[in-house]
Amino acid sequence: MQLMTPTELNHADEFHARHIGPNDAELAQMLNVVGAASLDDLIEKIVPTAILQRDALALAGPRTEQDVLADLRRIAGKNKVFKSFIGQGYYGTHTPGVILRNILENPAWYTAYTPYQPEISQGRLEALLNFQTMVCDLTGMEISNASLLDEATAAAEAMTLAKRSAKSKSNTLIVAGDCHPQTIALIKTRAEPLGLDVKVGFAPKLMEEGDYFGVVVQYPSTSGQIHDMAPYAKMAHDKGALFIACADLLALTLLKSPGEWGADIVVGSSQRFGVPFGFGGPHAALLACKDAFKRSMPGRLVGVSVDAQGNRALRLAMQTREQHIRREKATSNICTAQVLLAVIASMYAVYHGPKGLTDIARRVHTLAASFANGVKQLGYEIAASHVFDTVAVQAGDKCDPILSAARAQEINLRDFTVQNKAWPVVGVSFDETHSAADVETLLAIFASAAGKPAPAFAAIQAEPMIPAALQRTSAFLTHPVFNSHHSETEMLRYIRSLSDKDLALDRTMIPLGSCTMKLNATTEMIPITWPGFNSVHPFAPADQTEGYQELTTSLEKWLAEITGYDAVSLQPNSGAQGEYAGLLAIRAYHRSRGEGHRDVCLIPSSAHGTNPASAQMVGMEVVVTACDDKGNVDVADLKAKAEQYKDRLAALMVTYPSTHGVFEDAIREICEIIHTRGGQVYMDGANLNALVGVAQPGKFGSDVSHLNLHKTFCIPHGGGGPGVGPIGVRAHLAPFLPGDPMAAESKVGPVSAAPFGSASILPISWAYIAMMGASGLRRATQAAILNANYVAKRLAPHYPVLYAGNEGLVAHECIIDIRPLKEITGISNEDIAKRLIDFGFHAPTMSFPVAGTLMIEPTESESKVELDRFCDAMIQIRQEIRAIEEGRLDREDNMLRNAPHTAQMLLVDNWVHDYTREAAAYPLPALKASKYWVPVARVDNVYGDRNLVCSCPPMEAYASDTVAAE
């Protein structure tokens, strides 16, 4: 035995081997297969010399997991976690331990992908159906989507939904002045590029002054007031307008639902259903509406359908509404949701049930009413006599002394003078984390300022502050799922039963192209549940958030170095929001130079659907440019279009490496073509996992990019959210980054409700970069590119690889062409995708960017063993297709067309197929030792859309074999 050297003792790069799947021996074998001498040699062959970054990133070296956790604990400790009574859409809540441990901290839930493959997503689809049912029941609406990014974004989406659905042709939207200020700010951001006029103020008066297409109100208002909205909803309807309510879900357990008093659209946040403050996010917003608007509503929608055996099955419904289908005709660029947070919120409702939720709401209201009564005894006036949880106290010149005294006791109250200097009011919002003792503490503070003794809680004779006419009498959450799992044992087993139905990264590789399903390391995830990160209100005073300031400043600096940009904003809380923010920056830049007429955005035909949708949202005209037969941007066509529109050219949106999985040699020339004609280059960061450490977009011609922290930088996909989509910009665009939602003025408004968007999950990316260091980040990129080329080389003899770059090599993903096989055998890419389920695999990306193909992205986290397991499955499937070619298997009745195979299908007494049960279930011998059994057979998409059911069906429906149409 030899003692370790000093270098070996400093095992700082240990995490490299944890994150990167192939070990050194496997890397050598794979390099031999792809024809490269080393990882550096491979990169030299693939990445164009003109953009290849040879110098190391100016980042620190790798650090151990223990060291990074200790540093993050230090940073979290710099945040001061005061007891919050700020409210303003964010409230304290208790995450039930059974949900915390078994969902938020469970990789079976947080490493799953968006449920586009419904057969292997039945568990989370059921949880999302529960969410939709919960929202519909509480809001009184007929249909709900499966969550949106935050309440303010949902309100902005409701605005555009109302615009395209209302009878009124007006371009004016009325927003009640007592909506949450962040909601008002974001609505203004979204409205201005679309040419919509937003009038903010006293809504009843504004509604009498002219035409409008919609009205937005807060229920209860930001200052706590509960208004009877029925007369105003009728006024709006009489004008041909729609009425939009921003509602509090917990309040709706006690208040008459918006649907009962005439609302057309309801938005809100489910944050207080078990999801902590998180300094602003992530939280699952909601949007529900009348059934008449279902085909125009934004976001994802879970629906009930049937499978090939006639059994009930869930799926994402009406996907033709979504931006990736509609492209430049899209009315929203939403391409994600907040699935993990929606699951938590729905499980909170399942666990507490209607009675438990009502009891929480009654407790909150009792505290608010008691405080209101007590503070009035002290001589203060309150701004509203009808409230649920928020009491606005007219404190006059006592505002500052009260706020200061509260902070001295580590209590945060809301200072309404921040929005209105002429309204000296202190806001006090109660939530489920508060107690009678808190009421007494607050009354003592107000009493001290008034120079009077404070009343004891027990002596306060409070009365309900919700008027009888607005109290809820209708039932909600009557479905058995909300009335069956109230013991922890039952809840634990219910959660486990759902997760067992699904495939996530804890079971298998997810080879989705353009999705970067890499490891979400446990060490990266641990800090997000620490109070120092998740218990900070987004509008807490700056001197209480020094830890977050350090975290965000360093992360912005690191991301700027990685990308070669000069400035970064972390505010966008999805990739699509990042796109939108980037285009807003470009638009504002042109306008600042007196070139507001520049409104044409060039987009290659291969672009992701969010690109044209985002361009449309900022008022740009989309002009599509061609791609050549190698999948590259057709430079001649681009140059011609750029010249044709040079006087109006605003931007080019280009993905690099391309969506076809190739590094295009002409990228510098492409950028130059745009710049010389006055435009800006937006580089979509979807494929940044192929660039980190080897090329910097900000250095080779791009002006702005969004970065997907939920892809490249390890924030988990969560089954379809959360995500973080920060943007990096060059210096000239830095003044036009998203503004603070609480700022009085900014050159560009906010794109998220909170200043740092989904701040509480930023420690994940911070930890990843810190543990990998400059060397690890580059090696991860090299391994990702190697893994993709290894898969391409192994599959090339069996399936055509559609596009390749220099020396026949691909970037970090490859596309295999199934179209020739379909012409010969009738077997489609969907058949292969469903057959892969029988092998225990999630399918690659289907028909993007080319119809009839499969796009495979293995990422750096998959070992050679797992890559070989996937390739072996694909090769075996090719053998099955060959049997169809040769007539040994029937073209219609075969294991591909019938896939996936459930246990129920295989256990029938009369097996009628001309392939064996063993061939169906165990196509490779290794599956006999470890087999994933799919819970449903192939789901019928057409049936689900024709017979749309988007909430939990009544129990009697479960007695039948199929779902009746609504």
Side-chain angles (χ1 to χ4, degrees), residues 11-21 57 59-79 104-107 110-111 276 278-279 281-282 340 505 516-536 545-563 568 570 573 688-689 692-693 707-718 722-726 756-781 784 859-861:
H11 58 292
D13 61 352
E14 180 181 61
F15 184 71
H16 291 192
R18 307 296 191 198
H19 177 82
I20 298 172
L57 290 168
L59 299 174
R63 298 166 64 183
T64 65
E65 296 174 63
Q66 295 75 20
D67 180 38
V68 167
L69 281 177
D71 205 9
L72 280 170
R73 194 173 293 279
R74 175 191 63 79
I75 292 172
K78 293 175 67 176
N79 292 323
L104 181 59
E105 297 178 344
N106 184 349
Y110 67 71
T111 69
F279 201 44
L340 187 63
L505 280 174
T516 315
M517 297 297 291
K518 62 164 69 176
L519 172 72
N520 315 120
T522 305
T523 294
E524 296 158 6
M525 298 295 295
I526 286 172
I528 69 171
T529 59
W530 293 347
F533 287 129
N534 76 13
S535 297
V536 181
T545 63
E546 291 179 0
Y548 263 116
Q549 292 169 43
E550 178 180 339
L551 180 91
T552 55
T553 299
S554 55
L555 184 56
E556 288 169 357
K557 180 180 177 182
W558 295 347
L559 293 174
E561 168 59 22
I562 289 166
T563 58
V568 169
L570 298 170
N573 51 11
L688 192 69
N689 209 50
V692 176
L707 327 172
N708 290 319
L709 299 193
H710 50 285
K711 294 166 66 171
T712 311
F713 297 99
C714 294
I715 288 175
H717 283 72
V724 179
F756 289 94
S758 294
S760 68
I761 54 177
L762 295 178
I764 298 170
S765 298
W766 194 99
Y768 171 67
I769 296 171
M771 290 189 293
M772 293 296 280
S775 59
L777 292 172
R778 178 179 172 87
R779 190 172 180 85
T781 301
T859 84
E860 71 273 15
S861 297

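These figures come from a predicted structure and were not determined experimentally.
Minimum heavy-atom separation, N520 to M525: O-CG, 4.3 Å. Across all non-hydrogen atoms, the minimal contact from Y548 to A759 is CE2-O, 3.7 Å. Here the closest heavy-atom approach between residue C714 and residue E524 is recorded as CB-OE1, 3.3 Å. Of all heavy-atom pairs between E860 and A780, the closest is CB-O, 3.2 Å. Residues T523 and P527 share a closest heavy-atom pair of O-CD, 3.3 Å. Annotation for V568 and A560: closest pair CG2-N, 3.8 Å, computed over non-hydrogen atoms.
Distance alone, capped at 3.5 Å, is enough to place a donor-acceptor pair between the S554 side chain and the L551 backbone. Checking side-chain atoms of N708 against main-chain N and O of G725 turns up no donor-acceptor pair under 3.5 Å. Within the 3.5 Å criterion, the main-chain N or O of G693 finds no donor-acceptor partner in the side chain of T781.
Considering OG1 of T516 and CG of L688, their distance stands at 9.0 Å, rounded to 0.5 Å. One distance of note links OH of Y110 with CG of L505; it measures 10.0 Å at 0.5 Å rounding. M771 contributes atom CE, which lies 11.0 Å from atom CG of L777 (distance to the nearest 0.5 angstrom). One distance of note links CG of L707 with CG of L570; it measures 9.0 Å at 0.5 Å rounding. Note that CH2 of W558 is 6.5 Å distant from CD1 of I769, once rounded to the nearest 0.5 Å. The distance from the CG atom of L559 to the OG1 atom of T712 is 10.0 Å, given to the nearest 0.5 Å.
For the pair L72/F533, a side-chain contact is recorded, criterion being any heavy-atom separation below 4.5 Å from C-beta on. With contacts defined as side-chain heavy-atom distances shorter than 4.5 Å, the pair L59/I562 qualifies. E550 has its side chain out of reach of E546: every pair of non-hydrogen atoms, C-beta onward, lies at least 4.5 Å apart. The closest side-chain heavy-atom distance from F713 to V692 is below 4.5 Å. Between I715 and S765, some side-chain heavy-atom pair lies under the 4.5 Å cut-off. R73 places none of its side-chain heavy atoms less than 4.5 Å from the side chain of I526. F756 places none of its side-chain heavy atoms less than 4.5 Å from the side chain of T545. Inter-residue side-chain proximity for S760 and P282 is flagged as met; some heavy-atom pair is nearer than 4.5 Å.
A tilted orientation is assigned to the rings of H19 and Y768, their planes being inclined by 30° to 60°.
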**OP:** Begin from the C-alpha positions of F15 and I20 and carry the test side-chain contact (heavy atoms from CB on, under 4.5 Å) through to its verdict.
**Re:** CA-CA 8 Å; F15 184 71; I20 298 172; over 6 Å; no
Subject >> Evaluation steps, side-chain contact (heavy atoms from CB on, under 4.5 Å), between R778 and L57 >> reply: CA-CA 9 Å; R778 178 179 172 87; L57 290 168; over 6 Å; no
Original post:
Between K711 and M517, is a side-chain contact (heavy atoms from CB on, under 4.5 Å) present by the stated rule, with each step listed?
Top reply: CA-CA 7 Å; K711 294 166 66 171; M517 297 297 291; over 6 Å; no
Original post:
I75 and W530: side-chain contact (heavy atoms from CB on, under 4.5 Å), yes or no, with the steps?
Top reply: CA-CA 11 Å; I75 292 172; W530 293 347; over 6 Å; no
Subject >> Step-by-step side chain to side chain donor-acceptor pair (under 3.5 Å) determination, N689 to K518 >> reply: CA-CA 10 Å; N689 209 50; K518 62 164 69 176; 2.8 Å; yes
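For the side-chain contact (heavy atoms from CB on, under 4.5 Å) test with L709, the passing option among I764, I761, V724 is V724; the others fail.
A salt bridge does not link E14 with R63: every distance from a Lys NZ or Arg NE/NH1/NH2 to an Asp or Glu carboxylate oxygen is 4.0 Å or more.
Residue R18 places its CZ atom among 12 or fewer non-hydrogen atoms of other residues, nucleotides or ligands, all under 6.0 Å distant.
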